[in-house]
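Here is the naming used below: chain letters follow the sequence lines, and residue numbers restart at 1 for every chain. Values reported hereafter were calculated over all heavy atoms of this structure, with side chains retained and with hydrogens, waters and symmetry mates removed.
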Amino acid sequence: NAGVTQTPKFQVLKTGQSMTLQCAQDMNHNSMYWYRQDPGMGLRLIYYSASEGTTDKGEVPNGYNVSRLNKREFSLRLESAAPSQTSVYFCASSEVPGGGYGYTFGSGTRLTVV
Amino acid sequence: GDSVTQMEGPVTLSEEAFLTINCTYTATGYPSLFWYVQYPGEGLQLLLKATKADDKGSNKGFEATYRKETTSFHLEKGSVQVSDSAVYFCALSDLSGGNTPLVFGKGTRLSVIA
């Protein structure tokens, strides 16, 4: 089925470890986004890529890096994980920059940092 | 900057009750407005949208009307079911700001009891 695929679905890291969350979309969308979701906090934007070759910081970029590998793929890297990064991470994509026609979301990666 | 304010939850209703979730927005331009739904353990899904004033978005028995005069986009359903239990997010896209991503409200959790 067409959509946004995130891997892995679950991950447990020790403090200080690094990892990369993968995201791929097969809808030929131009823009891609990474959010984190914490209880009572709603969705907070970490980074986004309006188009292939560009990335921009969102509301909570500290501790993260991103790579727009090609039009389909947008990865999120945690260089040195901290317990404060325990969260559910969602990738999303949209046809146009700014998401004027709405976003398509992946099913999320549940990350626990111990 | 642009912002979205949703009524705080959780909201608990009996099956077949009438639902209203309030959403108001602040935007510099003429935004498109969205409602997303997140079922337990899943990513967000687009529920409905409206792109200009007085438009009504509808889907699965849910409706919301874009009211420019009151800067509101309240979500309504005439008779809720247990399967409607989820978190609902209001969001806006203001393309007058260029490539800025969607702005989300903090979400409203709805629980429907039989």
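- Hydrophobic clustering, with ILVMFWY side chains joined whenever heavy atoms are under 4.5 angstrom apart, keeps Val103(B) apart from Val87(B).
- Interatomic distance, Ser94(A) OG to Met27(A) CE, rounded to the nearest 0.5 Å: 9.0 Å.
- Neither the backbone nor the side chain of Gln6(A) has a heavy atom closer than 4.5 Å to any heavy atom of chain B.
- Contact annotation for Glu8(B): neither backbone nor side-chain heavy atoms come within less than 4.5 Å of a heavy atom of chain A.
- Both the backbone and the side chain of Tyr103(A) come within contact range of chain B, judged by heavy atoms closer than 4.5 Å.
- In the hydrophobic clustering of this structure, Met32(A) does not group with Phe105(A); members are Ile, Leu, Val, Met, Phe, Trp, Tyr whose side-chain heavy atoms approach within less than 4.5 Å, directly or through other members.
- Between the side chains of Tyr35(A) and Tyr48(A), not a single donor N or O lies within less than 3.5 Å of an accepting N or O.
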